[in-house]
Visitor: 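The structure follows.
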Amino acid sequence: MGAITGTNQVLTEFGGDYRIHVIYATVASASDTITLTSAAHNISTIQAIIGGEIRSGMGANFATLQITFSGLVITVASFNAAGAAATTFGAVTVTLIGN
């Protein structure tokens with residue numbers, strides 16, 4: 001499971017209780033999951049993943065991300081430069097932005 005290394009709630013102009021959250025996580029496998037909880041992360045529903053970026057560890061063996069979610073579980077699939085599953089995860093961290 002992806003280890004969450006920090007979250008940041010950004011207040012926005014959205015109506016109601018919608019907020020943008022920035023989540024930092026360390027990826028440990030080619031298809032890793034990040035599980036959020038309402039109590040720990042102040043998130044009750046994910047409406048969308050706006051974007052994601054590789055913060056560190058990018059290279060030929062870890063080149064791109066594909067991010068999906070279901071409920072409060074985010075799946076981060078990672079791929080190498082040739083499009084196959086990523087094979088290197090030593091210090092790979094990602095940033096996910098969603099509301």
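Here the structure is a predicted model, which is why all the values come from computation and not from measurement. Hydrogens, waters and symmetry mates are skipped; everything else that's a heavy atom, side chains included, is used.
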Visitor: Would you give the length of the straight line joining atom CD1 of I67 to atom CD of E53, rounded to the nearest 0.5 angstrom?
Guide: 10.0 Å
Visitor: Would you compute the distance between atom CD1 of I74 and atom CG of L36 and round it to the nearest 0.5 angstrom?
Guide: 4.5 Å
Visitor: Kindly compute the distance separating CZ (R55) from OG1 (T26), expressed to the nearest 0.5 Å.
Guide: 9.5 Å
Visitor: Identify, with sequence neighbours excluded, every residue that meets side-chain contact (heavy atoms from CB on, under 4.5 Å) alongside S70.
Guide: none
Visitor: Please report the closest heavy-atom contact between F62 and A86, naming both atoms and the distance.
Guide: CD1-CB, 3.7 Å
Visitor: Kindly write out the residues that satisfy side-chain contact (heavy atoms from CB on, under 4.5 Å) with T75, not counting sequence neighbours, or none if the list is empty.
Guide: S31, T33, T68
Visitor: Of the non-hydrogen atoms in S78 and S29, which two are nearest, and what is the gap between them?
Guide: OG-O, 3.7 Å
Visitor: Kindly indicate whether the side chain of L72, heavy atoms from C-beta on, has any atom under 4.5 Å from the side chain of T37.
Guide: no
Visitor: Would a single hydrophobic cluster contain both F79 and V27, if residues Ile, Leu, Val, Met, Phe, Trp and Tyr are joined by side-chain heavy-atom contacts under 4.5 Å?
Guide: no
Visitor: Please name the pair of heavy atoms, one in F69 and one in I49, separated by the smallest distance, quoted to 0.1 Å.
Guide: CD2-CG1, 3.6 Å
Visitor: Can you name the nearest heavy-atom pair linking A25 to I34, along with the distance?
Guide: CB-CD1, 3.5 Å
